[in-house]
Amino acid sequence: MHLVCRQCATRFTPELQLVPFETRNETIEEDFLPPGGLMQSESSFYFDDNVGNFIANIADTQNMKLTSDITRLYGCCGPGGGHGPNLQCEICGTYVATKVEDCCTPHYIFFDPSTTQAAMSEGE
Ligand SMILES: [Zn+2]
């Protein structure tokens, strides 16, 4: 399973394996989930209020760029993630995900379901 842009179908992740939300790591400044995994939130946590959002490891992202809009990047040591999506599709510029990489949170990316969707690869 991987995530793509609803607007232009650009692929944002490599092939990922769905892992249970219960296995999340909420330790501050650590990876929320291991690389290669994909989670679907089952309850709200931190700044992500939308149950059902897909969550991925920061290492597992591609074709996205960090916004140049600094109002979306407020944080202490990195983007806190509480100011709207801060990652844009590199091709069409749509805001598609939020990177959370601050010193008071675990580190992860969550995708906006209104601008991204999960896609199955051939053979899945
Ligand atoms: Zn796009």
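For ligands, and for the atoms within them, numbers begin at 1 and follow the listed sequence.
Under 3.5 Å, the side chains of Thr67 and Tyr95 contain a donor-acceptor pair of N or O atoms. Counted by atom type alone, His107 and Glu101 present zero donor-acceptor pairs between their side chains at under 3.5 Å.
If you count the protein N, O or S atoms nearer to the Zn ion (ligand 1) than 2.8 Å, you get 4.
Nearest heavy-atom pair across Asp60 and Leu16 is OD2-CD2, 3.5 Å.
Figure legend: Arg24 and Tyr108 shown without cation-pi pairing, the cationic atom not lying both under 6.0 angstrom from the six-membered ring centre and within 45 degrees of its axis.
Between the side chain of Asn63 and the backbone N or O of Arg11 there is at least one donor-acceptor pair closer than 3.5 Å.
Listed by chain and residue number, Asp112 satisfy the side-chain contact (heavy atoms from CB on, under 4.5 Å) test with Ser114 (two or more places apart in sequence, or in another chain).
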